[in-house]
Novice: 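One structure is given below, represented as structure tokens, and several questions about it will come after.
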Amino acid sequence: MTSEHKVLHGIGVCAGTASGPVAFVAEAPGVDEAEPKCTDVDAAVAKLDEARDAVVAQLKTRADKATDEKSKGVLGATAQMAADKGLYKNIVKRLKAGDGMTHAVAGAASDYAAKLAKLGGYFAERVTDVNDVRDRLIAQLRGLPAPGVPDITTPVIVVARDLAPAETATLHPGSVLGIITQEGGPTSHTAILAAQLGIPCSVKTKGALDAIAPDDTVALDGGVGEVIVSPTDEEVSQLKDRAERRARALAGSSGQGSTRDGHRVALLANIGTVDDALNAAKFDLEGSGLFRSEFLFLGRDEAPTVEEQTDTYTKVLNAFGKDRHVVVRTLDAGADKPLKFANQEHEDNPALGVRGLRLGMRRVDLLDTQLQALANAYKATGGDLWVMAPMVSTVDEAEWFANKARSYGLPKVGVMVEVPAAAIRSAQILSVVDFCSIGTNDLSQYTMAADRLNGELANLLTPWQPAVLHMIKAACDGGAATGKHVGVCGEAGGDPLMALVLAGLGVQSLSMAPTKVNAVRAALRLHDFSTCQQMAAYALDARTAEDARKAVIALADPTLLDLL
């Protein structure tokens with residue numbers, strides 16, 4: 001039985017329209033309320049070991065079948081979480097205290113997830129992994145099917161409370177028309193992957209699970225986050241018209257990024273693996289503004305060798321050739337992205353602790369190995385390689401990194417601007433490096449004191465917040481004062497409307513999911529640079545984030561609305 005007609009609203013995170021039947025991600029089975037207390041600990045532990053081994057094997061099998069390195073890495077990391085010793089010990093402790101099997105798993109996972117959420121940063125990102133492992137273990141112990149995305153035989157729109165990284169990694173644009181989640185946020189794993197795949201997506205769609213039934217057809221606009229349940233023929237037609245208008249607005253979007261009057265804004269791709277590089281290189285764009293090198297390090301027992309890293313960086317540089325530059329971010333990890341081989345101590349607040357370059361300055365051996373591998377790849381390819389350090393806060397840190405990177409013969413050295421300190425002092429920091437790249441996701445998080453993974457705070461995390469825009473302006477002012485390049489590699493760079501504001505503020509390059517480049521390029525071509533500057537001024541002076549966006553839309557060419 002289909003549901004009555006309804007219109008739901010979420011946060012649009014990947015532009016595009018879709019309509020079709022839905023496929024629900026199976027909900028977790030939950031604990032067995034009728035299970036007895038544990039009276040035989042040895043037998044219970046043996047059963048736990050069997051279930052854990054089965055879940056790890058299932059995840060590893062899926063990782064082996066994955067067609068790209070990023071999916072393999074995500075699935076591998078979830079398998080590692082299933083084998084986590086801390087989680088396991090907590091379950092055993094609860095069994096010894098008399099808890100039933102599934103109650104012990106649920107209680108231990110809840111404790112573990114609460115600790116990770118409190119720590120914030122990458123730890124908080126792993127909460128979804130912990131919950132995924134909990135659900136799989138409980139399903140295995142109860143002899144029930146594992147939760148997650150069902151086998152998809154015909155194109156569907158996937159509906160879920162949220163998507164675990166292990167599930168999101170298996171989605172394919174050929175079979176998934178769109179994604180609707182009731183939870184999550186604009187910078188969540190689901191949102192970022194949907195953008196990379198070009199799948200229309202709405203996250204934090206209030207009431208989605210109650211309003212949508214298994215037999216329903218839905219229509220989705222991933223640009224504005226609108227979901228229509230049981231749409232009328234007219235609404236589906238309007239959605240198709242919107243898609244056609246968008247296609248017309250994108251027609252002819254090619255070549256270098258620039259405003260209508262020729263002001264250059266380079267358009268680049270965010271990537272994380274060799275597969276990402278090979279895919280992005282096929283797009284009409286000007287290189288990569290962010291290669292997230294931590295995918296080489298995460299989920300491993302030992303650090304990757306010089307040879308292994310050299311091979312990866314060489315392949316990435318070769319993918320883009322000598323005419324398109326590649327910006328590699330050195331290892332962005334720390335206590336918030338725990339590495340088994342980094343000998344990291346516990347931190348009460350790792351999001352504000354030893355992460356990024358701070359870890360590099362303590363574990364110089366890891367940084368030296370990475371810089372040597374980058375230097376090797378540069379010499380082997382002659383590619384246009386830029387290298388930048390994450391989580392830089394002071395001039396001394398920037399100078400330390402610049403001196404070290406240059407000692408390896410690396411030609412262009414820069415830093416990330418992710419914290420207000422770096423934005424405010426950008427002129428001084430840029431005086432000792434060659435460029436900077438603004439990470440708008442973290443800059444929004446630190447400026448607004450709002451966890452970027454907390455969907456309830458999505459209104460604070462938007463780069464349209466005037467306070468965040470003022471931080472971006474401060475970084476651009478530093479670039480203007482020193483004559484140094486300022487780019488953006490956060491998700492804001494892929495928003496066609498925000499791209500105009502960023503250009504007006506003085507940003508010289510925008511890096512984004514490759515699928516977003518055409519829309520951003522088309523948006524820039526519709527406006528003169530002076531209009532972009534006026535938009536930036538209006539947004540800076542706005543009272544609220546909503547007012548800032550409305551002010552910019554009022555100045556925009558009407559055709560731009562078809563790109564959003």
Side-chain angles (χ1 to χ4, degrees), residues 196 254-258 263-293 295-296 309-332 370-371 373-390 392 398 401-402 405-406 408-417 430 433-440 475-476 479 482-490 493-494 499 502-503 506-514 516-518 520-521 524:
Q196 290 173 336
S254 63
Q256 294 182 331
S258 65
H263 177 80
R264 287 277 290 116
V265 182
L267 303 179
L268 311 163
N270 290 338
I271 59 175
T273 65
V274 172
D275 282 346
D276 285 351
L278 293 171
N279 178 61
K282 299 174 185 176
F283 285 77
D284 183 6
L285 44 77
E286 299 168 66
S288 171
L290 174 64
F291 176 64
R292 303 180 179 96
S293 65
F295 282 103
L296 273 167
Q309 292 190 59
T310 298
D311 180 63
T312 295
Y313 305 141
T314 299
K315 289 176 179 176
V316 169
L317 288 170
N318 280 334
F320 288 99
K322 295 182 179 181
D323 296 330
R324 296 191 284 182
H325 78 260
V326 174
V327 183
V328 176
R329 181 177 67 192
T330 57
L331 177 61
D332 187 14
Q370 185 168 28
L371 294 175
L374 287 164
N376 293 346
Y378 170 64
K379 292 175 184 176
T381 63
D384 188 3
L385 174 63
W386 301 20
V387 179
M388 63 182 179
V392 171
F401 175 74
R406 287 168 181 154
Y408 283 90
L410 292 168
K412 200 135 186 174
V413 181
V415 299
M416 291 283 293
V417 172
L430 283 168
V433 296
D434 302 313
F435 70 96
C436 74
S437 185
I438 303 170
T440 53
C476 291
T482 57
K484 302 292 178 66
H485 182 97
V486 176
V488 161
C489 61
L502 295 174
V507 171
Q508 295 160 276
S509 66
L510 300 169
S511 195
M512 65 204 77
K516 294 187 174 185
V517 168
N518 273 351
V520 171
R521 178 166 42 220
L524 289 169

Novice: Listed by chain and number, what are the ring-ring contact (aromatic ring centres under 6.0 Å, His included) partners of Y408, not counting sequence neighbours?
Specialist: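 Partners of Y408 under the ring-ring contact (aromatic ring centres under 6.0 Å, His included) test: none.
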Novice: Quick check for you: to the nearest 0.5 Å, what is the distance between R521 atom CZ and Q256 atom CD?
Specialist: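 Separation between the atoms: 10.0 Å.
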Novice: CG/L510 to CG/L285 distance, rounded to the nearest 0.5 angstrom?
Specialist: 12.5 Å
Novice: Who are the side-chain hydrogen bond (donor to acceptor under 3.5 Å, both in side chains) partners of N318, not counting sequence neighbours?
Specialist: none
Novice: Shortest non-hydrogen contact from V327 to H325?
Specialist: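 Minimum heavy-atom separation between V327 and H325: CG2-CD2, 3.6 Å.
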Novice: Restricting to non-hydrogen atoms, name the atom on A503 and the atom on V265 that form the minimum distance, rounded to 0.1 Å.
Specialist: CB-CG2, 4.0 Å
Novice: Under the rule for side-chain contact (heavy atoms from CB on, under 4.5 Å), what residues qualify as partners of T330, not counting sequence neighbours?
Specialist: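 Result, side-chain contact (heavy atoms from CB on, under 4.5 Å) vs T330: L367, Q370, L371, V387, A389, P390, F401.
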Novice: Quick one: list whatever passes side-chain contact (heavy atoms from CB on, under 4.5 Å) with A398, sequence neighbours left out.
Specialist: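 By the side-chain contact (heavy atoms from CB on, under 4.5 Å) rule, A398 matches V392, V415, I429, V432, V433.
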Novice: Measure across L524 and A499 and return the closest heavy-atom pair with its distance rounded to 0.1 Å.
Specialist: CD2-O, 4.3 Å
Novice: Quick one: list whatever passes side-chain hydrogen bond (donor to acceptor under 3.5 Å, both in side chains) with R406, sequence neighbours left out.
Specialist: D434
Novice: Which residues pass the side-chain hydrogen bond (donor to acceptor under 3.5 Å, both in side chains) test with T310, sequence neighbours left out?
Specialist: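 T310 satisfies side-chain hydrogen bond (donor to acceptor under 3.5 Å, both in side chains) with N376 once adjacent residues are dropped.
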Novice: Under the side-chain hydrogen bond (donor to acceptor under 3.5 Å, both in side chains) rule, collect the residues that match up with Q508, sequence neighbours excluded.
Specialist: none
Novice: C489 and S437: which non-hydrogen atoms are nearest, and at how many Å?
Specialist: SG-OG, 3.2 Å
Novice: Taking all non-hydrogen atoms of both residues into account, name the closest pair between C476 and V486 and its distance.
Specialist: SG-CG1, 4.1 Å
Novice: Tell me every residue that passes side-chain contact (heavy atoms from CB on, under 4.5 Å) with N279, counting only those two or more places apart in sequence or in another chain.
Specialist: F283
Novice: Between atom CZ of F291 and atom CG of L374, what is the distance when rounded to the nearest 0.5 Å?
Specialist: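 F291 CZ to L374 CG: 9.0 Å, rounded to 0.5 Å.
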Novice: Quick one: are C436 and K484 in side-chain contact, heavy atoms under 4.5 Å?
Specialist: no
Novice: Describe, in one word, how the ring planes of F435 and W386 are oriented to each other, choosing from parallel (under 30°), tilted (30 to 60°) and perpendicular (over 60°).
Specialist: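 Ring orientation, 0 to 90° scale: tilted.
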Novice: From L268 CG over to L290 CG, what is the distance, rounded to the nearest 0.5 angstrom?
Specialist: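 Answer for the CG-CG pair, L268 versus L290, is 10.0 Å.
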Novice: With sequence neighbours excluded, give me every salt bridge (charged side-chain N to carboxylate O under 4.0 Å, His left out) pair touching residues 312-321.
Specialist: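 Passing the test, one end in residues 312-321: D311-K315.
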Novice: For G257, is there any backbone N or O sitting under 3.5 Å from a side-chain donor or acceptor partner on E286?
Specialist: yes
Novice: What residues form a side-chain contact (heavy atoms from CB on, under 4.5 Å) with A277, not counting sequence neighbours?
Specialist: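 With neighbours one apart ignored, the set is I271, V316, A319, F320.
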Novice: Please report the interatomic distance NZ(K322) to CG(D384), rounded to the nearest 0.5 Å.
Specialist: 11.5 Å
Novice: Would you compute the distance between atom OG of S511 and atom CD1 of I438 and round it to the nearest 0.5 angstrom?
Specialist: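 S511 OG to I438 CD1: 12.5 Å, rounded to 0.5 Å.
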Novice: Heavy atoms only: give me the nearest L385-Y378 pair and the separation to one decimal.
Specialist: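 The answer is CD2-CB, 3.8 Å.
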